[in-house]
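Note that these values count all heavy atoms, side chains included, but never hydrogens, waters or copies made by symmetry.
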Amino acid sequence: QVQPVESGGGLVQAGGSLRLSCAASANIFSVNTMGWYRQAPGKQRELVAAITIDGTTNYAVSVKGRFTISRDNTKGTVYLRMNSLKPEDTAVYYCNRANYGLNYIPSAYDYWGQGTQVTVSS
């Protein structure tokens, strides 16, 4: 099983925008709801956005209205558009399998990529 590959992070000022991309292996992407997770220093990893195979989306309260998740099933890629970024959005962002309810518990078989660092300055 190949780990997802995340990209697109960087340093941005508060109020700015970024677009993250994640390429996942076909056996993961094609049959699963996908999601974006983030982990800030000293905190647990949290699932902030999810998208089902048919494109239905769900967001954590902390990012709703500012983040947009999308997927391209032909490319096996999931995206996260982040607008109106805040310093509290600073974290390493990962993609992986998820569920619509945002309460998916990753298993030992959910291999993680390196993530992409997002840093928002005030």
Side-chain angles (χ1 to χ4, degrees):
Q1 188 167 349
V2 178
Q3 294 95 328
V5 178
E6 301 92 354
S7 62
L11 173 63
V12 64
Q13 288 188 331
S17 299
L18 285 173
R19 187 194 191 213
L20 308 183
S21 299
C22 171
S25 64
N27 63 326
I28 296 174
F29 190 91
S30 62
V31 297
N32 285 289
T33 293
M34 297 296 294
W36 281 96
Y37 299 75
R38 68 185 182 186
Q39 186 166 20
K43 295 187 177 181
Q44 288 190 330
R45 189 173 294 170
E46 62 171 335
L47 177 55
V48 298
I51 184 166
T52 65
I53 295 172
D54 64 1
T56 302
T57 59
N58 195 18
Y59 300 91
V61 172
S62 58
V63 306
K64 195 169 187 177
R66 301 186 297 120
F67 290 11
T68 302
I69 188 172
S70 59
R71 64 191 292 165
D72 185 335
N73 291 335
T74 65
K75 296 181 179 179
T77 302
V78 61
Y79 305 96
L80 186 69
R81 176 68 180 182
M82 305 185 295
N83 295 328
S84 302
L85 282 161
K86 305 175 180 180
E88 50 263 44
D89 295 319
T90 295
V92 180
Y93 284 72
Y94 305 86
C95 75
N96 216 318
R97 289 194 296 182
N99 67 349
Y100 178 80
L102 301 179
N103 56 2
Y104 181 76
I105 299 176
S107 75
Y109 299 102
D110 288 315
Y111 300 102
W112 296 90
Q114 293 298 309
T116 186
Q117 175 71 48
V118 171
T119 303
V120 184
S121 63
S122 58

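- Residues forming a side-chain hydrogen bond (donor to acceptor under 3.5 Å, both in side chains) with Ser121 (at least two apart in sequence, or on another chain): none.
- Annotation: ring pair (Phe, Tyr, Trp, His ring centres under 6.0 Å) contacts involving residues 42-87, sequence neighbours excluded, are absent.
- Residues passing the salt bridge (Lys or Arg N to Asp or Glu O under 4.0 Å) test with Glu46 are Arg38, sequence neighbours excluded.
- Evaluation of the salt bridge (Lys or Arg N to Asp or Glu O under 4.0 Å) test over residues 15-24, restricted to residues two or more places apart or in two chains, returns none.
- For residues 55-91, there are no disulfide bond (SG atoms under 2.5 Å apart) pairs, not counting sequence neighbours.
- Within the structure, the ring pair (Phe, Tyr, Trp, His ring centres under 6.0 Å) test picks out the following pairs touching residues 30-58 (sequence neighbours left out): Tyr37-Trp112.
- Pairs of residues two or more places apart, or lying in two chains, that qualify as salt bridge (Lys or Arg N to Asp or Glu O under 4.0 Å) and include a residue from residues 53-76 are Arg66-Asp89.
- Scored by the side chain to side chain contact (heavy atoms under 4.5 Å, CB included) test, Gln39 finds Arg45, Tyr94 as partners (sequence neighbours excluded).
- Sorted by first and then second residue, the disulfide bond (SG atoms under 2.5 Å apart) pairs involving residues 33-76 (not counting sequence neighbours) form an empty list.
- Residue pairs meeting the disulfide bond (SG atoms under 2.5 Å apart) criterion with at least one partner in residues 69-122, sequence neighbours excluded, are Cys22-Cys95.
- Every side chain to side chain contact (heavy atoms under 4.5 Å, CB included) that Asn58 has, sequence neighbours left out, goes to Tyr100, Leu102.
- Considering only residues two or more places apart in sequence or on other chains, Thr119 meets the side chain to side chain contact (heavy atoms under 4.5 Å, CB included) condition with Leu11, Thr90, Gln117.
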